[in-house]
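Bear in mind the structure is a predicted one, so any value in this text is a computation, not a measurement.
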Amino acid sequence: MKKHQSLTWTASIAGIQLFFALFAQISPAGQTSSVDQPRNILLICIDDLRPELGCYGVEYVNSPNIDRFAAKSRRFNRHYVQAPTCGASRYTLLTGRYGPRGNEALFQRAERMKKSPAEVPPSIPEWFRQHGYRTVSVGKVSHHPGGRGGSDWDDQTIIEMPNAWDEHLLPAGPWQHPRGAMHGLANGEIRGNAKQMDLFQSVAGEDDIYPDGLIVDTALDQLDRLAGAQEQPFLLAVGIIRPHLPFGAPAKYMAHYRDATLPPTPRAAKPRHRSTWHGSGEFMKYNRWGRDPNEDAEFAIEVRKHYAACVSYADAQVGKLLQRLRERGLDEDTVVVLWGDHGWHLGEHAVWGKHTLFEESLRSPLLIHVPGMVQPGAATDSIVETLDIFPTLCDVAGIPAAEFTQGVSLQSLLQSPSAPGHPAIAYAGSAETIRTEKFRIILHKDGFAELYSHEDETPDAETTNIAAAQPEVVADLSRQLQQRLGGLSLTPTAASRAP
């Protein structure tokens, strides 16, 4: 892990060259942007959002605003994050690089910047600032809403992303401080002891009785200001907290689900073999009124409905942002990206939460709209990663490529949804995974391998470990994982020990 955290960009040129050689067909060498002048960027980050939306084929979820946005965007059906936890996933989004595996990843980067600033490449907002952009963040974009440290995440001297934002805002309102807003329930309730805070809640009122209402109101004010200063392009990043725990949303959003019939949860059994399964500790520590969704089917449905209500609440906030963009006449000059920071289990594999390396933790929504794009509304099934967003933004905004990033531009997929993708890497704790068209392999530090077939995308995917039956596939995917992660990898070369 120490080697993983101290890797410098100057020491990894060979690895980057290998990466681009492997995936040159996705982003042809020497490709230049055809944009006449830099475009604005609106980056919308949504916490704990599964690809469980109407536009992703989940009919019972009410998400009209995101669905309308998808109809004029490129929907990535198989987008995977680098880590199934907020801080590490956002590290990759904001830096375009592999990084530490925990929630303190960006703070660790900030410490490296103090010691050896020349060895830490710029983040997205730093790079865009260097190329003339005004950069503004509102809400939870990095791991801490507002981007500061300290006991209440409001210490002005502890910055999560130095040199990144012209303004980095978190309107706490009655929740008092960013830490309070992060896990806040209605009307200023702050999480102290989680066991005393309800797991879910639905209170009558307007959107601002929960923190995201204030976050988006502030973002709308920022859009108004940025629209009045259009001699300078902007990067506005807005971080919506829901549907992160606890599942609290205004009652009007729960109304969609009171009488809804939800489909059964697939793959609901706890894995019998060794895996990255865990006991849903983040979820279980809340007040659950003595009920366990793994043993109480009625309660499981209630949890899923409240999660869905939070999704609809987040969808409404997205709608406000997109409407203001249109009202201000900015939509023709603004690239809009909607990104979920990772998936979330709703009972699959008997997990309620993230933090596994299963499909449900790692797959999340990604929607990209570029003004004048080809085939708006068409989806792609090509595999892509969060790692690819930084180079893509450079391409579509019309600024120089950030050669230090470790992903590839998705420009070819924005031009043609049938263009090829590439295998997706992720990591958590002492395990790593690569997802290809046909397989997912999860490799543990001691060499233990989980191999799952995705050739038929059956409902039983990732429930049967076939590593023992296909050692040659395990060896091949192990090599691919080593090539991609290089010195960051925790797993032995050609790890192949089957169960």
Side-chain angles (χ1 to χ4, degrees), residues 23-46 49-59 61 63-81 93 96 233 235 315 318-319 321-323 325-326 329-340 363-399 401 407-424 435-437 454 457:
F23 300 108
Q25 72 274 21
I26 302 168
S27 184
Q31 183 177 25
T32 58
S33 172
S34 60
V35 179
D36 294 331
Q37 59 184 16
R39 290 177 169 135
N40 303 316
I41 303 290
L42 173 60
L43 173 61
I44 303 172
C45 307
I46 305 181
L49 183 65
R50 293 160 56 102
E52 192 149 294
L53 302 158
C55 59
Y56 278 87
V58 181
E59 295 181 356
V61 172
S63 52
N65 297 290
I66 297 177
D67 296 346
R68 281 192 293 270
F69 175 63
K72 63 175 187 177
S73 306
R74 182 73 70 244
R75 185 181 79 240
F76 292 83
N77 287 337
R78 293 199 289 180
H79 160 258
Y80 296 92
V81 300
L93 170 73
L235 164 64
D315 174 82
V318 171
L321 292 167
L322 298 178
Q323 180 179 347
L325 201 67
R326 292 190 298 271
L330 297 169
D331 52 320
E332 294 302 319
D333 298 311
T334 303
V335 173
V336 182
V337 177
L338 186 148
W339 171 79
R363 181 171 167 253
S364 77
L366 176 63
L367 300 165
I368 301 177
H369 169 75
V370 179
M373 69 186 299
V374 178
Q375 294 181 264
T380 177
D381 290 325
S382 297
I383 295 175
V384 301
E385 306 173 282
T386 292
L387 197 71
D388 303 328
I389 293 175
F390 192 160
T392 303
L393 287 179
C394 295
D395 250 359
V396 298
I399 68 170
V408 294
S409 172
L410 301 176
Q411 180 78 292
S412 61
L413 281 162
L414 294 174
Q415 294 169 347
S416 171
S418 61
H422 60 84
R435 171 67 154 89
T436 68
E437 291 285 341
H454 280 275
E457 297 295 346

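To the nearest 0.5 Å, the span separating CZ on Arg78 from CD on Glu385 amounts to 13.0 Å. To the nearest 0.5 angstrom, Ile368 atom CD1 is 10.0 Å from Leu338 atom CG. The distance from atom CG of Leu413 to atom CD of Gln375, rounded to the nearest 0.5 Å, is 11.0 Å. Rounding to the nearest 0.5 angstrom, the gap separating the CD1 atom in Ile41 from the CD1 atom in Ile399 is 8.0 Å.
No hydrogens or angles considered: a donor-acceptor pair under 3.5 Å links the side chains of Thr386 and Trp339. When only modelled atom types and interatomic distance are considered, Arg435 and His454 share a side-chain donor-acceptor pair under 3.5 Å. Looking only at atom types and distance, the side chain of Asn40 has no donor-acceptor partner in the side chain of Asp333 under 3.5 Å away.
Side-chain contact between Pro371 and Thr334 is absent, with no heavy-atom pair separated by less than 4.5 Å. Leu366 is listed as a side-chain neighbour of Ile389, based on a closest heavy-atom distance under 4.5 Å. Looking at heavy atoms from C-beta onward, Ser382 lies out of side-chain contact with Pro420 at the 4.5 angstrom threshold. Between Val374 and Leu414 there is no side-chain heavy-atom pair separated by less than 4.5 Å. Residues Leu321 and Asn65 form no side-chain contact, since every pair of their non-hydrogen atoms from C-beta on lies 4.5 Å or further apart. You'll find the side chain of Cys55 reaches within 4.5 Å of the side chain of Ile66, heavy atoms only. Between Ser364 and His79 there is a side-chain heavy-atom pair separated by less than 4.5 Å. Within the 4.5 Å cutoff, the side chain of Ser73 has no heavy atoms near those of the Val336 side chain.
Proximity of a side-chain donor or acceptor of Arg75 to a complementary backbone N or O of Ala70 within less than 3.5 Å is not detected. A donor-acceptor contact shorter than 3.5 Å is absent between the side chain of Ser412 and the backbone of Ala419. Within the 3.5 Å criterion, the main-chain N or O of Gln411 finds no donor-acceptor partner in the side chain of Asp395. His369 places no side-chain N or O within 3.5 Å of a backbone atom of Val335 that could act as its donor or acceptor partner.
Shown here are the side chain to side chain contact (heavy atoms under 4.5 Å, CB included) partners of Gln323, two or more places apart in sequence or in another chain: Arg326, Glu327.
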Arg74 and Leu367: CA distance, side-chain angles, deciding distance, side-chain contact (heavy atoms from CB on, under 4.5 Å) verdict: CA-CA 6 Å; Arg74 182 73 70 244; Leu367 300 165; over 6 Å; no
Asp388 and Thr392: CA distance, side-chain angles, deciding distance, side-chain hydrogen bond (donor to acceptor under 3.5 Å, both in side chains) verdict: CA-CA 6 Å; Asp388 303 328; Thr392 303; over 6 Å; no
Worked verdict on Asn77 versus Tyr56 for side-chain contact (heavy atoms from CB on, under 4.5 Å): CA-CA 7 Å; Asn77 287 337; Tyr56 278 87; 3.7 Å; yes
Val337 and Ile44: CA distance, side-chain angles, deciding distance, side-chain contact (heavy atoms from CB on, under 4.5 Å) verdict: CA-CA 6 Å; Val337 177; Ile44 303 172; over 6 Å; no
Verdict with reasoning, Phe76 to Asp381, per side-chain contact (heavy atoms from CB on, under 4.5 Å): CA-CA 6 Å; Phe76 292 83; Asp381 290 325; over 6 Å; no
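Between Phe390 and Leu93, the shortest heavy-atom distance links the atoms CB-O, 4.5 Å. In plain terms, the two heavy atoms of Pro417 and Ala379 that are nearest each other are CB-O, 3.3 Å. Contact record, Asp315 with Pro64: OD2-CD, 3.3 Å, taken as the closest heavy-atom pair. Looking at every heavy atom in both residues, Val81 comes nearest to Gly340 through CG1-O, 3.9 Å. When every heavy atom of Pro365 is checked against every heavy atom of Leu49, the shortest pair comes out as CD-O, 3.1 Å. Across Pro391 and Leu387, no two heavy atoms sit closer than the pair CD-O, 3.6 Å.
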